[in-house]
Amino acid sequence: MEKIIVRGGNRLEGTVKVEGAKNAVLPILAATLLASEGQSVLTNVPILSDVFTMNNVLKHLNVGVEFQENNNTILADASNDINFEAPFAYVSKMRASIVVMGPLLARLGHARIALPGGCAIGTRPIDLHLKGFEAMGADIKIENGFVEAKVDRLVGARIYLDFPSVGATQNIMMGATLAEGTTIIENVAREPEIVDLANFLNRMGAKVVGAGTETIRIEGVSSMKATEHSIIPDRIEAGTFMIAAAVTNGNVFIEDAIAEHNKPLISKLKEMHVAFQEEENGLRVIGPRTLKATDVKTMPHPGFPTDMQAQMTIAQLVSQGTSTMTETVFENRFMHLEEMRRMNADFKVEGQTVLIHGNTDLQGAEVAASDLRAAAALIIAGLVSKGYTRVTNLSHLDRGYYEFDKKLQALGADVERVTEDEQNAFSDSDVEALFAK
Ligand SMILES: CC(=O)N[C@H]1[C@@H](OP(=O)(O)OP(=O)(O)OC[C@H]2O[C@@H](n3ccc(=O)[nH]c3=O)[C@H](O)[C@@H]2O)O[C@H](CO)[C@@H](O)[C@@H]1O
Ligand SMILES: C=C(OP(=O)(O)O)C(=O)O
């Protein structure tokens with residue numbers, strides 16, 4: 001098991017480039033299943049374990065997949081006969097695998113997917129996805145840990161989502177592309193990743209309008225062709241570096257960051273006295289000497305993103321004054337804070353809200369990441385803590401951050417990723433020597 005060791009105290013300075021968005025590329029990879037002709041070419045693809053998992057799902061479904069890591073490109077060819085089953089081995093690794101259901105139902109009229117189950121951040125049901133497919137005529141059964149859906153051809157319908165679920169919006173939207181007639185989905189998710197998916201689908205020959213608004217209308221077509229597409233930059237990775245710059249009194253240029261995609265985060269950080277400058281191809285973030293406390297509530301886009309909640313709580317912990325963080329999207333996303341108690345964090349959880357007493361002197365400790373964003377948050381906490389922080393459970397980090405340790409190092413942070421054997425051999429003075437190299 002590897003660990004990331006952080007020695008706190010350095011100011012971050014320099015340039016960091018963000019990768020393509022994990023949450024955009026995963027549904028777009030699933031969408032390649034819809035092309036019965038040609039080879040999809042996806043560029044700006046991040047090298048992440050989630051992408052390898054989705055590639056494996058596609059290969060299992062008989063899609064030819066080639067990941068050219070040297071130029072962040074994936075070639076995907078779904079022109080052969082495809083299979084209908086996504087097994088537990090993949091779905092249990094990554095819940096986002098469920099988004100192959102819409103494309104499989106659209107293309108084959110048959111999908112059998114292992115049920116994804118919950119995770120450290122919440123229960124994560126898929127009822128809204130299934131309600132949508134049922135409204136479009138699919139017959140759905142849940143048996144032996146699998147959800148199986150069958151239909152001759154999906155038929156367009158009017159579907160209202162009780163909650164603007166990102167995955168349900170994507171799944172139903174993809175299912176509707178090859179359905180008979182028109183589908184109208186109301187109260188949909190409006191995240192930039194939904195718009196990126198709709199753009200890709202339209203380039204493949206689909207007729208999707210309204211992505212980015214509350215209602216999406218899809219006119220079914222009879223077939224779709226492979227196309228080329230460049231994945232949008234990862235707003236959550238960009239946001240994570242914004243927080244890292246903010247808390248370290250840093251001055252960091254985030255190349256490829258799109259301010260429009262991170263409006264709610266930028267607005268909150270400005271309230272905390274962080275300065276932003278839009279420059280060509282990116283955004284400069286300048287952290288103040290002292291951050292001001294602020295109250296934050298996560299909401300579906302364009303509200304404050306739940307995927308930035310953990311990182312934001314670190315900024316709140318080092319702010320002057322008392323802040324609140326209210327999590328409304330997932331029911332259990334404060335696990336990182338419980339780990340942070342060992343780093344001297346001062347907070348009180350009351351239901352969905354946590355009261356954060358800022359201005360605490362954080363202290364390095366050994367902490368375990370419970371999910372992807374918790375991992376990034378704990379590493380950022382290490383940047384502003386006294387002494388050494390050791391973060392374990394890095395498989396979570398690798399799901400969504402490419403070379404996070406190296407990118408922080410390039411900005412001047414003392415961060416090292418070590419194997420367990422190396423780590424066991426290290427006393428603090430050995431680690432000191434490691435950073436002195
Ligand atoms: C791969 C990907 O893009 N993941 C993102 C996606 O996850 P994901 O698509 O899983 O998130 P959803 O928007 O679907 O989930 C939001 C909330 O809706 C609930 N829900 C969802 C579906 C459903 O059928 N029934 C139901 O009750 C969930 O339990 C959760 O409480 O959006 C989340 C919310 O922005 C982000 O945190 C994830 O990073
Ligand atoms: C929660 C996340 O991803 P997933 O939906 O894949 O678990 C995330 O990206 O923070």
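Counting starts at 1 for both ligands and their atoms, in listed order.
Contacts with ligand 1 closer than 4.0 Å are made by no heavy atom of Ala168, backbone or side chain. With a heavy-atom cut-off of 4.0 Å, Leu128 touches ligand 1 through backbone and side chain alike. The backbone and the side chain of Val166 each have at least one atom closer than 4.0 Å to an atom of ligand 1 (non-hydrogen atoms only). Only the side chain of Asn23 comes within 4.0 Å of ligand 2, judged by heavy-atom distances.
Residue Ala96 approaches ligand 1 through these ligand atoms, each under 4.0 Å from one of its heavy atoms: 1 (C). The Arg399 neighbourhood of ligand 2 comprises atoms 3 (O), 4 (P), 6 (O), 7 (O), with distances under 4.0 Å to a heavy atom of that residue. Taking a cut-off of under 4.0 Å to the non-hydrogen atoms of Ile126, the atoms of ligand 1 that pass are 23 (C), 24 (O). The Val329 neighbourhood of ligand 1 comprises atoms 16 (C), 17 (C), 30 (C), 31 (O), with distances under 4.0 Å to a heavy atom of that residue. The atoms of ligand 2 that sit less than 4.0 Å from any heavy atom of Ile121 are 1 (C). Atoms of ligand 2 found under 4.0 Å from any heavy atom of Arg124, numbered from 1 in the order shown, are 4 (P), 5 (O), 7 (O). Heavy-atom contacts of Asp307 reach the following atoms of ligand 2: 1 (C), 8 (C), 9 (O), 10 (O) (cutoff under 4.0 Å).
Between Leu317 and Leu337, some side-chain heavy-atom pair lies under the 4.5 Å cut-off. Within the 4.5 Å cutoff, side-chain heavy atoms of Val51 are placed close to those of Pro46. Between Pro192 and His301, the closest side-chain pair of non-hydrogen atoms falls below 4.5 Å. Contact of the Ile243 side chain with the Met308 side chain is registered, since non-hydrogen atoms from C-beta on lie closer than 4.5 Å.
Residue contact annotation: Val166 has no non-hydrogen atom under 4.0 Å from ligand 2. Heavy atoms of Arg95 come nearer than 4.0 angstrom to ligand 1 in no pair at all. Within the 4.0 Å heavy-atom cutoff, Arg333 counts among the residues contacting ligand 1. By the 4.0 Å heavy-atom criterion, Thr123 is excluded from the residues contacting ligand 1. Within the structure, the closest approach of Pro125 to ligand 1 falls below 4.0 Å when heavy atoms are considered. Between Arg333 and ligand 2 there is a heavy-atom distance shorter than 4.0 Å.
For atom 37 (O) of ligand 1, the nearest non-hydrogen atom of the protein is Asp307 OD1, 2.5 Å. Nearest to atom 14 (O) of ligand 1 among the protein's heavy atoms is Ser165 OG, 2.6 Å. Here the heavy atom of the protein found nearest to atom 9 (O) of ligand 2 is Arg373 NH2, 2.7 Å. Of the protein's non-hydrogen atoms, Gly167 N, 2.8 Å is the one closest to atom 9 (O) of ligand 1. When only non-hydrogen protein atoms are considered, atom 11 (O) of ligand 1 lies nearest to Phe330 CZ, 4.1 Å. In terms of protein heavy-atom proximity, atom 18 (O) of ligand 1 is closest to Phe163 CD2, 3.5 Å. In this structure, the protein non-hydrogen atom closest to atom 8 (P) of ligand 1 is Arg124 NH2, 3.7 Å. In this structure, the protein non-hydrogen atom closest to atom 25 (N) of ligand 1 is Asp127 OD1, 2.7 Å. At the top of the distance list for atom 3 (O) of ligand 1, counting protein heavy atoms only, stands Asn23 CG, 3.2 Å.
The backbone N or O of Asp234 sits nowhere less than 3.5 Å from a side-chain atom of Lys22 that would complete a donor-acceptor pair. Between the Glu327 side chain and the Phe330 main chain, a donor and an acceptor come within less than 3.5 Å of each other. Not one N or O on the side chain of Asn393 forms a donor-acceptor pair closer than 3.5 Å with the backbone of Ala375. Judged by distance alone, the side chain of Arg342 and the main-chain N or O of Glu366 form a donor-acceptor pair under 3.5 Å. Checked by atom type and distance alone, the side chain of Glu331 pairs as donor or acceptor with a backbone atom of Thr123 at under 3.5 Å. A donor-acceptor pair under 3.5 Å is formed between the side chain of Asp196 and the backbone N or O of Ile232. Side-chain atoms of Thr392 do not come within 3.5 Å of backbone N or O of Lys3 as any donor-acceptor pair. In terms of modelled atom types and a separation under 3.5 Å, the side chain of Ser79 and the main chain of Asp77 share no donor-acceptor contact.
Note: no N/O pair closer than 3.5 Å links Thr306 and ligand 1 by distance alone. In terms of polar-atom proximity, defined here as any N/O pair under 3.5 Å, Lys22 does make such a contact with ligand 2.
Classified by interplanar angle (parallel below 30°, tilted 30° to 60°, perpendicular above 60°), the ring pair Phe52/Phe67 is tilted.
Leu12 CG to Gln409 CD: the interatomic distance, rounded to the nearest 0.5 Å, is 12.0 Å.
Checked against a 6.0 Å centroid threshold, the rings of Phe241 and Phe404 count as neighbours.
Considering every non-hydrogen atom in both Ala368 and Glu339, the closest pair reads N-OE1, 2.8 Å. Of all heavy-atom pairs between Arg153 and Ala179, the closest is NH2-O, 3.2 Å.
Atom 5 (C) of ligand 1 is flagged as protein-proximal [any protein heavy atom, distance under 4.0 Å].
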